[in-house]
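What follows is one structure encoded as structure tokens, with my remarks underneath.
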Amino acid sequence: GAGVSQSPSNKVTEKGKDVELRCDPISGHTALYWYRQSLGQGLEFLIYFQGNSAPDKSGLPSDRFSAERTGGSVSTLTIQRTQQEDSAVYLCASSLGRVTGELFFGEGSRLTVL
Amino acid sequence: GESVGLHLPTLSVQEGDNSIINCAYSNSASDYFIWYKQESGKGPQFIIDIRSNMDKRQGQRVTVLLNKTVKHLSLQIAATQPGDSAVYFCAENKSGGSNYKLTFGKGTLLTVNP
């Protein structure tokens, strides 16, 4: 499709398991972002990729969180040894990478850790 | 620290009325601001943006006002419709750096009563 695609849309896992969330950005967008949204809260920045530059990982809450972006396109957010506090909606966005401009968001992956 | 916040977490209006959603920001270096709308179960969608060299910008039924003196941003929606019911987020960014990373507020829930 033409928009940002995320999968899975819903993921239920047990505490301690690892999960992978996938983001397929809009074709041609050089910038890709991951945000986390807890219930009733705003968007918490996690990580930002821009072209071939080193990613901005300043928002990752712990070393259990990592992300990669292969070939400048698809990105995977990995959460190891999930905890209940990791339960949230994980939103991916992409943009043309200009200093100002619109971010296009996917519909998110809802993670529930039991 | 740097933050983007909102004066009112919820707003309820009658259909046809005008709505005003407010946002305060604390980073005086921020020079680009965006309003996003998030409907239930969906990712945020861009509404309108404004740069700090402007104090007003109009779109279709929406107007964003920026008061840099008091670091205040507002979104005005004219003739509010039931389809406008959503959570509205303001976001800020400081351009000029190598990274483009929006900082989001917690959001205001707008409910439009028919």
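Numbered from 1 within each chain, the chains take letters A, B, ... in sequence-line order. Atoms considered below: every heavy atom in the structure, side chains included; atoms not considered: hydrogens, waters and symmetry mates.
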Keeping the roles fixed (side chain from A:Arg64, backbone from A:Arg81), state whether a donor-acceptor pair exists under 3.5 Å.
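Looks like yes, one N/O pair under 3.5 Å.
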Structural part of B:Gln38 lying under 4.5 Å from a heavy atom of chain A:
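Looking at B:Gln38, just its side chain touches chain A.
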Just checking, any donor-acceptor pair under 3.5 angstrom between side chains of B:Ser19 and B:Asp84?
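Per modelled atom types, B:Ser19 and B:Asp84 side chains form no pair under 3.5 Å.
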Given a strict heavy-atom distance threshold of 4.5 Å, which part of [X] is in contact with chain B: side chain, backbone, both, or neither?
| X | value |
| --- | --- |
| A:Ser9 | neither |
| A:Leu91 | side chain |
| A:Gln37 | side chain |

Check this for me: does any side-chain nitrogen of one of A:Arg22 and A:Glu20 sit under 4.0 Å from a carboxylate oxygen of the other?
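Salt bridge absent between A:Arg22 and A:Glu20.
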With the threshold set at 4.0 Å, does a side-chain nitrogen-carboxylate oxygen contact exist between A:Glu107 and B:Lys42?
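Result for this pair is no, no salt bridge flagged.
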